[in-house]
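To start, the structure itself, in structure tokens.
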Amino acid sequence: GLYNAVKVEFGPHVSEIDSYISEVVQYYTSAARPYQGLGFPDFVLRDLSPERVLILGARTVLVGPPGSGKTTFLDWTALHAASSRKALPVYVALRNYTSTLINLMRVAVERFDPVNEFSKVVSRDPKELVPVFLLDGIDEVPPVFRLKVESEIADLAASWPKAPIVVASRSKPLGVRWQKWSYLVIP
């Protein structure tokens, strides 16, 4: 299987991290995932690959039309990050945004690990596995919350300078906040 059962020491929260990673890998490799029988999407074999966005400190906006594979790319990135232990994936569906980004991230982590809270799994300790924040569908955030969520993403980037962040959208987000972000486009 993709999950290597050998425990790797990452600091004081090893069991929480191992439990979370195991659940993430199990979820993304389950038969319930629609693409499991199809193998890697074509774009993973081209210019777009999880490796490209898992660079420490990378800030990436993934842009593509509906149905182009943005969510699938984020799924493969989450699976690759967890199974290779390059990063601790935190996938968030931004269309569910109603209060704060941190609340959505807590729900995302607790979905895989209901026993341990967000702060026990995702740590700021440099000896711990760095998180990768996979934020899907910024264009699906209700307009009333759009500026707030963009501000929270900017705060997330400032608070977690080494954590890779990928934001998926059907269109390029506008504004000064996004000027230093890299863009990957799925045609």
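Everything numeric in this text was worked out from a predicted model, so none of it was measured. Sequence positions, counted from 1, serve as the residue numbers for this chain.
L101 places a side-chain heavy atom less than 4.5 Å from the side chain of L94. Proximity of Y183 to P173: side-chain heavy atoms (C-beta onward) are separated by under 4.5 Å at one or more points. Counting heavy atoms from C-beta on, the side chains of L135 and L156 come closer than 4.5 Å. For the pair Y91/Y28, a side-chain contact is recorded, criterion being any heavy-atom separation below 4.5 Å from C-beta on. Residues V61 and I138 form no side-chain contact, since every pair of their non-hydrogen atoms from C-beta on lies 4.5 Å or further apart.
Under a hydrophobic clustering in which Ile, Leu, Val, Met, Phe, Trp and Tyr are joined whenever their side-chain heavy atoms come within less than 4.5 Å, directly or via other members, F112 and V107 fall into different clusters. Under a hydrophobic clustering in which Ile, Leu, Val, Met, Phe, Trp and Tyr are joined whenever their side-chain heavy atoms come within less than 4.5 Å, directly or via other members, L174 and W178 fall into different clusters. Hydrophobic clustering (side-chain heavy atoms under 4.5 Å, transitive across Ile, Leu, Val, Met, Phe, Trp, Tyr) groups Y97 together with V144. A single hydrophobic cluster is not seen to contain both V24 and V130; linkage of ILVMFWY side chains at heavy-atom distances under 4.5 Å, directly or through other members, places them apart. Note on L56: it does not cluster hydrophobically with V53, by side-chain heavy-atom contacts below 4.5 Å among ILVMFWY residues.
No donor-acceptor pair under 3.5 Å is formed between the side chain of K70 and the backbone N or O of V167. Between the side chain of R170 and the main chain of G137, no donor-acceptor pair closer than 3.5 Å is present. At distances below 3.5 Å, not a single donor-acceptor pair connects side-chain atoms of S22 with backbone N or O atoms of S19. In this structure, K86 contributes its side chain and I55 its backbone to no donor-acceptor pair below 3.5 Å.
Ion pairing of R177 with D155 is absent here, as no side-chain N (NZ or NE/NH1/NH2) approaches a carboxylate O to less than 4.0 Å. Using a 4.0 Å cut-off between a side-chain N of Lys or Arg and a carboxylate O of Asp or Glu, E150 and R146 do not qualify as a salt bridge.
Qualifying salt bridge (Lys or Arg N to Asp or Glu O under 4.0 Å) partners for D136, counting only residues two or more places apart in sequence or in other chains: none. Taking K172 as the reference, nothing meets the salt bridge (Lys or Arg N to Asp or Glu O under 4.0 Å) condition, with sequence neighbours excluded. For R59, there are no side-chain hydrogen bond (donor to acceptor under 3.5 Å, both in side chains) partners, not counting sequence neighbours. For the side-chain hydrogen bond (donor to acceptor under 3.5 Å, both in side chains) test, no residue two or more places apart in sequence or in another chain qualifies with E23. Residues that satisfy the side-chain hydrogen bond (donor to acceptor under 3.5 Å, both in side chains) test with E51, not counting sequence neighbours, are H80. For the side-chain hydrogen bond (donor to acceptor under 3.5 Å, both in side chains) test, no residue two or more places apart in sequence or in another chain qualifies with Y20.
Nearest approach of S99 to N103, heavy atoms of both residues: OG-ND2, 3.1 Å. Residues A78 and P89 approach most closely at O-CG, 3.4 Å, considering heavy atoms. Closest of all the heavy-atom pairs between A108 and V92 is CB-CG2, 4.2 Å.
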- Task: Kindly determine whether I165 and W181 satisfy side-chain contact (heavy atoms from CB on, under 4.5 Å), including the steps that lead there.
- Result: CA-CA 10 Å; I165 302 174; W181 288 60; 3.7 Å; yes

